[in-house]
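Structure, as structure tokens:
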Amino acid sequence: MIFEPTYINGLSVITLNPFQDIRGELLKPFNTEMYQYGISNNVNLNIKEVWFTKSKKDVIRAMHLQVGAFACEKIVTIIQGKVHDVVLDIRDNSPTYGQYFDIILDEKSPKALYIPIGCAHGYKILNNNSIVMYMATQLHVAKDDVGIRYNSFGFDWGIENPILSEKDKNLPLFGEYKFNY
């Protein structure tokens, strides 16, 4: 694993090193020891929940985070397909507040994102049946799962009519709501 800090405070891109042989490929997106020493000597992730999403092309799943007592760090990677991933810093005390980072995550060049507490996350599906895996340091709590409307912070998603959940259509605009993370 190679950890590359981004210009967003605390956000890292992790290049994964697959093992390949005649049977296929093994990909290890998480190893406690490597994360403890790869991101920072102060980070020791205690992953409590793992989940997958499988989506159609032109779906936007955005821009979510968990706040309050269950605010969490996340590791996100692509299992199958291709997505345009976006992370927005909404920590008002951060030097990168209001800035976003975007990257294409593709199964053919495996990478993961380490997303710190206080950053909203989302992505646009570029291939049908894309599967994204999340690992989180807290259990999901519906009342603490909040977000920002996908088109309210200046990022161009490159699509006029995305497929969105009702929840995502009605999220507050960036700057309209103060989150307790």
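- Within the 3.5 Å criterion, the main-chain N or O of Asn129 finds a donor-acceptor partner in the side chain of Gln80.
- Taking the six-membered ring for Trp and the full ring otherwise, the centers of Phe155 and Tyr123 sit at least 6.0 Å from each other.
- Contact detail for Ser94 and Asp89: the closest heavy-atom pair is OG-OD2, 2.6 Å.
- Nearest approach of Ile125 to Asn127, heavy atoms of both residues: CG2-O, 3.0 Å.
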Practice item. Apply the test salt bridge (charged side-chain N to carboxylate O under 4.0 Å, His left out) to residues Lys108 and Asp106: give CA-CA distance (whole Å), side-chain angles for both, the deciding distance (0.1 Å), then the verdict. Key: CA-CA 5 Å; Lys108 294 178 181 160; Asp106 185 338; 5.6 Å; no

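- Checked options Ile115, Ile47, Leu113; the residue passing with Ile75 is Ile47 (criterion: side-chain contact (heavy atoms from CB on, under 4.5 Å)).
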**Study point:** side chain to side chain contact (heavy atoms under 4.5 Å, CB included) assessment of Lys54 paired with Ser130
**Key:** CA-CA 5 Å; Lys54 183 176 182 181; Ser130 289; over 6 Å; no

Point to revise | Trace of the side chain to side chain donor-acceptor pair (under 3.5 Å) decision for Thr137 with Asn46 | key: CA-CA 5 Å; Thr137 57; Asn46 180 12; over 6 Å; no

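- For the residue pair Tyr114 / Glu73, a side-chain donor-acceptor distance below 3.5 Å is found, with atom types taken as modelled.
- Contact check for Phe3 versus Thr15: no side-chain heavy atoms found under the 4.5 Å cut-off.
- The side-chain hydrogen bond (donor to acceptor under 3.5 Å, both in side chains) test applied to Arg61 returns Ser55, not counting sequence neighbours.
- Note: Asp145 CG to Lys143 NZ = 11.5 Å, rounded to the nearest 0.5 Å.
- The six-membered or imidazole ring of His121 lies near that of Tyr134, with a centre-to-centre distance under 6.0 Å.
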Exercise for review: Show your working on side chain to side chain contact (heavy atoms under 4.5 Å, CB included) between Thr53 and Ile131 and close with a plain yes or no.
Suggested key: CA-CA 5 Å; Thr53 63; Ile131 300 173; over 6 Å; no

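- Hydrophobic clustering (side-chain heavy atoms under 4.5 Å, transitive across Ile, Leu, Val, Met, Phe, Trp, Tyr) groups Val132 together with Val59.
- Note on Leu105 and Met133: separate hydrophobic clusters, where clusters join Ile, Leu, Val, Met, Phe, Trp and Tyr whose side-chain heavy atoms are under 4.5 Å apart, directly or indirectly.
- Checked by atom type and distance alone, the side chain of Ser152 pairs as donor or acceptor with a backbone atom of Phe174 at under 3.5 Å.
- Within the model, atoms CG of Leu88 and CG of Leu65 stand 9.0 Å from one another, a figure rounded to the nearest 0.5 Å.
- Hydrophobic clustering places Leu45 together with Val50 (ILVMFWY residues linked when any side-chain heavy atoms are closer than 4.5 Å, directly or through intermediates).
- Counted within 6.0 Å of NZ on Lys167, heavy atoms from surrounding residues, nucleotides or ligands total more than 12; the atom is thus considered enclosed.
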Check your understanding: So Val146 and His64, side chain to side chain contact (heavy atoms under 4.5 Å, CB included) or not? Walk me through it.
Key -> CA-CA 6 Å; Val146 298; His64 301 168; over 6 Å; no

**Study point:** salt bridge (charged side-chain N to carboxylate O under 4.0 Å, His left out) assessment of Asp85 paired with Lys124
**Key:** CA-CA 7 Å; Asp85 207 291; Lys124 178 176 86 171; over 6 Å; no

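- Remark: the backbone N or O of Leu171 is paired with a side-chain donor or acceptor of Arg149 at under 3.5 angstrom.
- Between the side chain of Asn170 and the backbone N or O of Glu166 there is at least one donor-acceptor pair closer than 3.5 Å.
- Cluster membership check: Val83 does not share its hydrophobic cluster with Tyr100, using side-chain heavy-atom separations under 4.5 Å among Ile, Leu, Val, Met, Phe, Trp and Tyr.
- Ile14 contributes atom CD1, which lies 10.5 Å from atom NZ of Lys111 (distance to the nearest 0.5 angstrom).
- By the rule that hydrophobic residues join a cluster once side-chain heavy atoms approach within less than 4.5 Å of another member, Trp157 and Ile148 end up as members of one cluster.
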Point to revise | Trace of the side chain to side chain contact (heavy atoms under 4.5 Å, CB included) decision for Glu49 with His140 | key: CA-CA 8 Å; Glu49 189 168 60; His140 179 260; 3.2 Å; yes

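- Judged by distance alone, with hydrogens and angles left aside, the side-chain atoms of Asp168 form a donor-acceptor pair with the main-chain N or O of Ala62 at under 3.5 Å.
- A donor-acceptor pair under 3.5 Å is formed between the side chain of Gln66 and the backbone N or O of Val141.
- Trp51 places no side-chain N or O within donor-acceptor distance of the main-chain N or O of Met135, the cut-off being under 3.5 Å.
- With values rounded to the nearest 0.5 angstrom, Ile8 atom CD1 is found 10.0 Å from Asp102 atom CG.
- Asn9 and Thr96 are not linked by any side-chain donor-acceptor pair at a separation below 3.5 angstrom, with hydrogens and angles left out of the test.
- The shortest side-chain heavy-atom distance between Leu11 and Cys119 does not fall under the 4.5 Å cut-off.
- Looking at Leu16, Ile79, Asn17, Ile78 one by one, the single match for side-chain contact (heavy atoms from CB on, under 4.5 Å) with Pro110 turns out to be Leu16.
- When all heavy atoms of Tyr150 and Met63 are compared, the closest pair comes out as CA-CG, 4.2 Å.
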